[in-house]
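Structure first, commentary second.
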Amino acid sequence: MMAWADLHTHSAASDGQYSPADLVCKAQAAGVEVLALTDHDTLSGTEEALCAGKACGVRVVRGIELGASEHRYMHILGLGMSDGGKALPALCDRLQRSRNERKYRMITFLHEKGIDLSLEDVERLAGGKVVARPHFAQVMVQQGYVSCVREAFDRYLDTEEYQKIERFKASAEVCIQAIRADGGKAVLAHPYQLEWDTEKLDRALKTLKTAGLDGLECWYPRHTRQMTEEFLALARKYELFVSAGSDFHGERIKPDIRLQPWNVNVDWLD
């Protein structure tokens, strides 16, 4: 079945701007028929999103986004997990404990750079959720250290030096296994971010397919036409499902990214 879908979005349950319910309402207004909530390392917004989807006629898919240890930009999406799974909650617990511990290293790192933030201000912005980089970035904007969230990442929070204080990440294989154990499909997100040529990405997909990878995010706002064609060809080669997602976080966090429905086959999510 073809449907207008956005299978990669984030809410305030992780580092997005909108509550899960508000995100679903915005998606409906944008013409999205099938929406996956793929918050980082958490499923905590799922039930709220599912209830909102029933109320406004949007099919909401259980989802998650996990960072893999092999590459700083290798992210694995989990889509269509069943309710009551055990593997992902266990992995998320470990990942979130690592995220929680990282915030102390992050505040020290920024202080050393002359960014005198208060951890209390960052935690207040996070609203009791696990503190993530966009929360730090938004406080940096509020206090005038940078002009926008993108600048905070480019200058401080997404640099080689910052990577030295990064948190624990599981391997791609472990991420894939946890997603599949809970009934989901594992998808490699935004492959362009890896900055690999076609040959290197081909080799990686062959390895990931052996580990159980189900799909590839071919449609993405920052993919050029040529990139998309290459990714679609690789999906056909390795018999991977074709996924599409905006990676929407909210205008305040990623001002150039909007909710974007793509007309794609969604039968594989059942």
Side-chain angles (χ1 to χ4, degrees), residues 3-67 75-85 87-93 95-96 99-100 122-135 137-138 149 175 178-179 182-187 189-190 217 220-221 243-255 257-262 266 269-270:
W4 293 101
D6 189 339
L7 304 177
H8 186 172
T9 65
H10 299 274
S11 77
S14 65
D15 61 347
Q17 179 177 341
Y18 296 100
S19 71
D22 287 344
L23 174 66
V24 174
C25 290
K26 287 185 70 66
Q28 191 272 338
V32 176
E33 298 172 330
V34 181
L35 179 78
L37 176 61
T38 56
D39 280 321
H40 297 280
D41 302 343
T42 183
L43 296 162
S44 63
T46 304
E47 294 309 315
E48 180 182 334
L50 287 167
C51 289
K54 291 177 182 177
C56 67
V58 174
R59 176 187 170 189
V60 174
V61 175
R62 296 178 188 275
I64 196 166
E65 184 171 12
L66 304 171
H75 292 180
I76 306 296
L77 298 173
L79 299 175
M81 287 80 68
S82 57
D83 189 16
L88 272 174
L91 178 57
C92 286
D93 181 64
L95 292 170
Q96 291 196 30
R99 279 183 179 272
N100 190 56
V122 180
E123 291 176 325
R124 189 178 304 113
L125 182 65
K129 304 296 183 182
V130 174
V131 173
R133 287 183 298 169
H135 301 126
Q138 289 175 71
V149 168
C175 294
I179 291 164
D182 287 359
K185 301 293 194 301
V187 175
H190 42 59
E217 190 173 58
Y220 186 81
S243 192
S246 66
D247 202 2
F248 179 79
H249 283 69
E251 299 84 3
R252 188 173 67 235
I253 299 167
K254 290 188 175 183
I257 298 295
R258 298 288 185 267
L259 286 159
Q260 183 171 343
W262 280 270
V266 294
L269 294 171
D270 294 328

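Values reported hereafter were calculated over all heavy atoms of this structure, with side chains retained and with hydrogens, waters and symmetry mates removed.
- From Trp262, atom CH2 reaches atom CD of Glu217 across 7.5 Å, with rounding to the nearest 0.5 Å.
- Taking all atoms of both residues into account, the shortest heavy-atom contact from Cys175 to Leu91 is CA-CD2, 4.4 Å.
- Here the closest non-hydrogen pair linking Ile257 and Pro221 is CD1-CB, 3.8 Å.
- Side-chain contact between Val131 and Asn100 is absent, with no heavy atoms from C-beta onward closer than 4.5 Å.
- For the pair Gly245 and Asp6, the tightest heavy-atom approach, listed with the atom from each and the gap, is CA-OD1, 3.4 Å.
- Under a 3.5 Å cut-off, the side chain of Ser11 and the backbone N or O of Gly16 do not form any donor-acceptor pair.
- Ser246 and Gln260 make their closest contact through CB-N, 3.9 Å (heavy atoms, listed as atom of the first residue, atom of the second, distance).
- In terms of the side-chain contact (heavy atoms from CB on, under 4.5 Å) criterion, residue partners of Ala137 (sequence neighbours excluded) are, by chain and number, Val149, Ala152, Phe153, Leu157.
- Closest heavy-atom contact between Gly63 and Leu43: O-CD2, 3.4 Å.
- Nearest heavy-atom pair, Leu79 versus Val187, reported as atom, atom and distance to 0.1 Å: CD1-CG2, 4.0 Å.
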All N/O donor-acceptor pairs, side-chain side in residues 47-61, below 3.5 Å, sequence neighbours left out:
residue : atom : partner : partner atom : Å
Glu47   : OE2  : Arg62   : NH1          : 3.0
Glu47   : OE2  : Arg62   : NH2          : 3.3
Glu48   : OE2  : Ala21   : N            : 3.0
Arg59   : NH2  : Asp270  : OD1          : 2.9

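- Identified under the ring pair (Phe, Tyr, Trp, His ring centres under 6.0 Å) test for residues 12-40, with sequence neighbours left out: His10-His40, His40-His249.
- From Thr42, atom OG1 reaches atom CG of Leu95 across 10.5 Å, with rounding to the nearest 0.5 Å.
- Residues Leu88 and Ile64 meet the side-chain proximity criterion, which asks for heavy atoms closer than 4.5 Å.
- By the side-chain contact (heavy atoms from CB on, under 4.5 Å) test, Arg258 pairs with Glu251, sequence neighbours left out.
- Looking only at side-chain heavy atoms (C-beta outward), Asp41 and Leu66 come within less than 4.5 Å of each other.
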*Could you go through the side-chain contact (heavy atoms from CB on, under 4.5 Å) check for Asp83 and Thr46 one step at a time?*
CA-CA 10 Å; Asp83 189 16; Thr46 304; over 6 Å; no
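- Once rounded to the nearest 0.5 Å, the distance linking OG of Ser19 with NZ of Lys26 reads 11.0 Å.
- A distance of 13.0 Å separates NZ in Lys254 from CD in Gln17, rounded to the nearest 0.5 Å.
- Not counting sequence neighbours, Phe248 has no partner by the ring-ring contact (aromatic ring centres under 6.0 Å, His included) test.
- Between Glu65 atom CD and His190 atom NE2 the span is 4.5 Å, to the nearest 0.5 Å.
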Residues 28-37, side-chain donor-acceptor partners within the protein, below 3.5 Å, at least two apart:
residue : atom : partner : partner atom : Å
Glu33   : OE1  : Trp4    : N            : 2.9

*asked:* Run Asp15 and Ile253 through side-chain contact (heavy atoms from CB on, under 4.5 Å) and show every step you take.
replied: CA-CA 9 Å; Asp15 61 347; Ile253 299 167; 5.7 Å; no
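- Under the 3.5 Å distance criterion, the side-chain polar atoms of Thr9 are left unmatched by any main-chain donor or acceptor of Asp247.
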